Engineer: 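Provided herewith is a single structure, encoded as structure tokens, for subsequent inquiry.
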Amino acid sequence: MRVTKAFLPTLKEIPSDATMISHRLMLRAGMIRLLGAGIYSFLPLGYRALKKAIQIIREEMDAIGAQEFHLPALNPVEVWDETGRTEAFGDTMFHIKNRPYVLAPTHEEIITSIARSFVKSYKDMPQAWYQIQEKFRNEPRPRSGVIRSRQFTMKDSYSLDATWEGLDQSYEMHSRAYHRIYQRCGLNFFVVGASSGAMGGTGSQEFMVESDAGEDVCAMNDESGYAANLEVATSRVPPVGRVEENPPAEKFATPEARTIDELVEQFGLVEERCAKALVYIVDNSPYLIFMAGNDQLNESKLQAALGANEVRPARDDELGELTGADAGSIGPINLKTNVPQIADQRLEHANGLVSGANENGYHFRNIDFDRDAKITAYYDLRTVQEGEPDPLGGRPLRVVRAIEVGHIFKLGTKYSEAMGATFLDENGKTHPIIMGSYGIGVERILACHIEQSHDEKGIIWHPALAPYHVHIIALKMQSAEVAAAAEDIYARLAGENVEVLLDDRTNVSAGFKFNDADLLGFPVQVVVGERNLKDGKAEIKVRKTGEREKVRIEEVVTRCQELLGELAQA
RNA sequence: CGGGGCGUGGCUCAGUCCGGUUAGAGCGCUGCGUUCGGGACGCAGAGGUCGGAGGUUCAAAUCCUCUCGCCCCGACCA
């Protein structure tokens, strides 16, 4: 492609609406343009990169024997009603106004409906089905450019198995394919244990790219290899445990102490022996929850522990009605109602605790949870903190922000049961198909790569994703010699199937071309100018390292191929 | 959905508080000429009902009301 023929709207200035580096660079490099909030047009350059990612994914999915589908994005809403997910997705799903259709946010239902009609025997399985297609989600707040948008490209695949061991194998197969995909894309990533969330299922892992702009938070230790989404991360924080003296619980006045910190400070208490009470409404039922000291309740863990769909903190007026006191004075003793009580596992069997008296301005001390509280269950409910000992080797945990680029789920039978997708086993008995679901956000691969591979000048593409491999910068194109040499190199590179862009503009200065080339960031640049042409040479610059070398014109093609090969390995 | 910010030529922005010539700048764009290895220069041009609607006023980009859109923080996130 020639720059004079290409639609390549690069921007010299930073677009004001973009804050994230990858978003800015994608806009500046002319890869994408905003159409509406969370809706992006991919321009030719961006689409070339997107197609590179798609092709890598396709090859790796094919390599594990998965078969490519192309399912409709437009779905009859009845299919979604079958699993109750019309309601579960709620406003997140787009609904068509003039027909009872929805735009699919994912495709478990459609896959299951196909499976139910055609997969009837254990002999029909295992199957792995995938597609690379647009997804639609009515995100309340799209952000970070292409990272969270309302329409995006997803590779989604689904495994169908007759046995749980089969599911494990399908899952492992996908996990290995995902590793290869992200490796080939040059991404620096890690895998974390994750919450299955509202997808349901028996296990899941997320493929993460560390980034300050990420929406997820993970706890990890590089040495032990422990890595988990904060939604499920655990640590070896010791239990609060028991103290020897165990006098009866005793009420005392705490008029100026509403927070744990105030209690600790005013009464010289041990922070973790203050049982902080929280009231949550879990699927419309109230729960009183105790946490040790300033431990943060993890709502994802709470939701998972109670098998709930929705959890929210109680409102101030609800607190009084349920407990008899306001926030800061709530505790296990003398509750106004018999609201169910649960606690974080750190507090199991603990005594010598301080907690609210359910009377504003008063607390109890010497509380023994085994003696004085009616805790029905203890769960791991706390949010792990930076520096805590990891659960594998006790090494300090690092807490980092990350972007989720892939997610693999063991779905189990949630969808097959709901939709009646069953098969007959070798004994003629009916079972629901055992499913897995596996997703990759394709645009996120590009954004994450750019986040990880750029400098102040622009993008630094890995050859695997680069829209073009070689950028020929013809300085002073109106010089017949320069033009001839540039055209010659261009034709020979193209002849070797090297994807090449020739900057053949006559109306811009050298500096402009250099800066555009650095912004676009193709792996190798070839500078053709009068200066080196006198010696029969051109200059080759590696975008990533900035290294330049002078190469005889007839050797340029070979040298470019060598360099690209080296860069592809890195 | 709560909080904050912003909407003025293609882009980045000034002007709005305190209403008053013909609404400005830089970049980009068109034409001509010069230049040509790190975002060149001269000359001549084109391009804006100041997001939209209503109102106040002799007079509105500027004040008031409503509304639409975009961005950021939070909530949410299969």
Side-chain angles (χ1 to χ4, degrees), chain A residues 9-20 23-24 27-28 30 33-39 80 83-94 102 104-109 135-145 147-150 152 154 156 194-201 204 206 213-216 229 231 299-300 303 309-313 403-404 407 409 411 414-415 437-439 441 457-458 473-479 482-483 503 505-519 525-534 538-539 541 546 548 550:
Chain A
T10 56
L11 300 174
K12 196 155 76 173
E13 292 184 88
I14 297 169
S16 57
D17 280 347
T19 50
M20 203 169 167
H23 189 199
R24 288 180 176 183
L27 287 165
R28 289 189 57 209
R33 284 294 181 269
L34 178 82
L35 183 61
I39 313 175
W80 291 84
T83 56
R85 283 217 293 180
T86 312
E87 197 179 332
F89 269 107
D91 197 43
T92 303
M93 189 150 67
F94 283 108
V102 295
T106 175
H107 277 86
E108 281 79 11
E109 277 76 359
K135 295 285 185 279
F136 297 85
R137 295 180 188 182
N138 185 23
E139 295 290 346
R141 177 150 104 80
R143 70 181 99 187
S144 308
I147 297 279
R148 179 164 291 277
S149 56
R150 293 201 169 120
F152 58 97
M154 183 188 244
D156 46 320
S195 157
S196 303
M199 287 287 285
S204 84
E206 290 167 331
E215 296 180 291
D216 287 276
N229 195 303
E231 292 171 349
E299 292 188 4
S300 301
Q303 195 171 350
N309 291 318
E310 196 187 350
V311 302
R312 66 167 174 90
I403 298 167
E404 178 190 342
H407 202 158
F409 281 97
L411 283 183
K414 175 176 171 171
Y415 297 91
S437 156
Y438 317 88
K457 289 285 202 173
I473 301 164
L475 301 171
K476 201 172 174 181
M477 197 60 187
Q478 41 282 88
S479 148
V482 171
D503 193 342
R505 288 176 292 184
T506 55
N507 59 341
V508 299
S509 63
F512 209 101
K513 291 186 177 186
F514 287 131
N515 282 308
D516 259 358
D518 286 345
L519 172 62
Q525 298 173 3
V526 177
V527 182
V528 183
E530 285 180 313
R531 208 166 70 188
N532 290 314
L533 211 51
K534 282 182 198 142
E539 185 177 273
K541 174 180 148 185
R548 300 151 191 272
K550 292 180 175 120

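Lettering of chains follows the sequences in order, A, B, ..., and the numbering in each one begins at 1. The shown structure was predicted, so the numbers you read here are calculated from the model rather than taken from an experiment.
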Engineer: Only pairs with both distances under 3.5 Å count, Watson-Crick or wobble alike; so what is the partner of B:C11 in this structure?
Structural biologist: B:G26
Engineer: Distance check needed: B:C77 P versus A:His407 NE2, whole Å only.
Structural biologist: 13 Å
Engineer: According to the Watson-Crick and G-U wobble definitions, with both distances under 3.5 Å, which nucleotide is paired to B:A40?
Structural biologist: B:U34
Engineer: Residues in side-chain contact (heavy atoms from CB on, under 4.5 Å) with A:Lys135, at least two apart?
Structural biologist: A:His107, A:Gln131, A:Gln133, A:Phe152, A:Met154, A:Asp156
Engineer: For B:G19, which nucleotide is its Watson-Crick or G-U wobble mate, given both distances must be under 3.5 Å?
Structural biologist: none
Engineer: Is B:C76 paired to anything, Watson-Crick or G-U wobble with both distances less than 3.5 Å, and if yes, which nucleotide?
Structural biologist: none
Engineer: Please determine whether a side-chain nitrogen or oxygen atom of A:Ser16 lies at a distance below 4.0 Å from atom OP1 or OP2 of B:U12.
Structural biologist: yes
Engineer: Please write out the pairs of protein N or O atoms and N or O atoms of nucleotides 67-70 of chain B separated by less than 3.5 Å, giving the distance to one decimal.
Structural biologist:
unit_1: B:C70; atom_1: OP1; unit_2: A:Ala37; atom_2: N; d: 2.7
unit_1: B:C70; atom_1: O2'; unit_2: A:Asp17; atom_2: OD2; d: 2.9

Engineer: Rounded to the nearest 0.5 Å, what separation is found between the NZ atom of A:Lys513 and the CG atom of A:Leu475?
Structural biologist: 6.5 Å
Engineer: As an exercise, state the distance from CG of A:Asp516 to OG1 of A:Thr10, rounded to the nearest 0.5 Å.
Structural biologist: 3.5 Å
Engineer: Rounded to the Å, how far apart are A:Arg312 CZ and B:G2 C1'?
Structural biologist: 16 Å
Engineer: When the P atoms of B:U62 and B:C17 are compared, how many Å lie between them, rounded to an integer?
Structural biologist: 9 Å
Engineer: For atom C1', what is the distance between B:A60 and B:U21, given to the nearest Å?
Structural biologist: 15 Å
Engineer: Using side chain to side chain donor-acceptor pair (under 3.5 Å) as the criterion, list what pairs up with A:Arg33, not counting sequence neighbours.
Structural biologist: none
Engineer: Taking atom CZ of A:Arg24 and atom CG of A:Asp17, what is their separation to the nearest 0.5 Å?
Structural biologist: 11.0 Å
Engineer: Using a 4.0 Å heavy-atom cut-off across all strands, classify A:Ile473 as base, sugar-phosphate, or nothing.
Structural biologist: nothing
Engineer: Counting any heavy atom closer than 4.0 Å, what does A:Ser300 reach on the DNA or RNA strands: base, sugar-phosphate only, or nothing?
Structural biologist: nothing
Engineer: Can you check the distance between B:A46 and B:G9, where both ends of the measurement are the C1' atom (answer in whole Å)?
Structural biologist: 10 Å
Engineer: Mind calculating the distance between CG (A:Asp91) and P (B:C1) to the nearest angstrom?
Structural biologist: 9 Å
Engineer: Measure the distance from CD on A:Glu139 to P on B:C72 and round it to the nearest whole Å.
Structural biologist: 13 Å
Engineer: Please give the nucleotide sitting opposite B:U62 as a Watson-Crick or G-U wobble pair, both distances under 3.5 Å, or none.
Structural biologist: none
Engineer: Could you tell me which nucleotide pairs with B:U56 by Watson-Crick or G-U wobble geometry, both distances under 3.5 Å, or answer none if nothing does?
Structural biologist: none
Engineer: Can you tell me how far C1' in B:C71 sits from the matching atom in B:U12, rounded to whole Å?
Structural biologist: 16 Å
Engineer: To the nearest angstrom, how far is A:Arg143 atom CZ from B:C1 atom C1'?
Structural biologist: 13 Å
Engineer: What is the base-pairing partner of B:C50, counting Watson-Crick and G-U wobble geometry with both distances under 3.5 Å?
Structural biologist: none
Engineer: Once ring-ring contact (aromatic ring centres under 6.0 Å, His included) is applied, do any residues pair with A:His23, and if so which ones, sequence neighbours excluded?
Structural biologist: A:Tyr40
Engineer: Can you tell me if CD on A:Glu87 sees more than 12 non-hydrogen neighbours from other groups inside 6.0 Å?
Structural biologist: no
Engineer: Tell whether A:Arg141 reaches the base of B:C72 with its side chain through a donor-acceptor pair below 3.5 angstrom.
Structural biologist: no
Engineer: State whether A:Arg143 and A:Glu215 are salt-bridged, where the test is any N-O pair (Lys NZ or Arg NE/NH1/NH2 against Asp/Glu carboxylate O) under 4.0 Å.
Structural biologist: yes
Engineer: Expressed as a whole number of Å, how far does the C1' atom of B:U8 sit from that of B:G24?
Structural biologist: 10 Å
Engineer: Please round to the nearest 0.5 Å and tell me the distance separating atom CD of A:Gln303 and atom CZ of A:Arg312.
Structural biologist: 13.5 Å
Engineer: Report the C-alpha distance between A:Gln525 and A:Asp503 in whole Å, list the side-chain angles of each, state the deciding distance to 0.1 Å, and finish with yes or no for side-chain contact (heavy atoms from CB on, under 4.5 Å).
Structural biologist: CA-CA 11 Å; A:Gln525 298 173 3; A:Asp503 193 342; over 6 Å; no
Engineer: With nearest nucleotides of RNA chain B determined for A:Ala18 and A:Pro15 from heavy-atom distances, which residue corresponds to the more 5′ nucleotide?
Structural biologist: A:Pro15
Engineer: Please measure how far the C1' atom in B:G45 lies from the corresponding atom in B:G28, and state the result in whole Å.
Structural biologist: 14 Å
Engineer: Report the residues that fulfil side chain to side chain donor-acceptor pair (under 3.5 Å) with A:Glu109, sequence neighbours left out, ordered by chain and then residue number.
Structural biologist: A:Thr83, A:Arg85
Engineer: Find the distance A:Ile39:CD1 to B:C71:C1' and express it as a whole number of Å.
Structural biologist: 15 Å
Engineer: If every non-hydrogen atom of A:Ser437 is compared with every non-hydrogen atom of A:Leu411, which pair is closest and at what distance?
Structural biologist: CB-CD1, 3.5 Å
Engineer: Could you state the atom-to-atom distance from CE of A:Met154 to P of B:C77 in whole Å?
Structural biologist: 16 Å
Engineer: How many whole angstroms separate atom CG of A:Asp216 from atom P of B:A75?
Structural biologist: 13 Å
Engineer: Looking only at atom P, what distance separates B:G7 and B:A61, rounded to whole Å?
Structural biologist: 16 Å
Engineer: Going by modelled atom types, is there a donor-acceptor pair between the base of B:G10 and the side chain of A:Glu13 at under 3.5 Å?
Structural biologist: no
Engineer: For nucleotides 34-41 of chain B, give me one character per nucleotide, 5' to 3': B if any protein heavy atom sits under 4.0 Å from the base, S if the only such contacts are to the sugar-phosphate, - if neither.
Structural biologist: --BBBBS-
Engineer: Roughly how far apart, to the nearest Å, are B:U67 and B:G2 at atom P?
Structural biologist: 12 Å
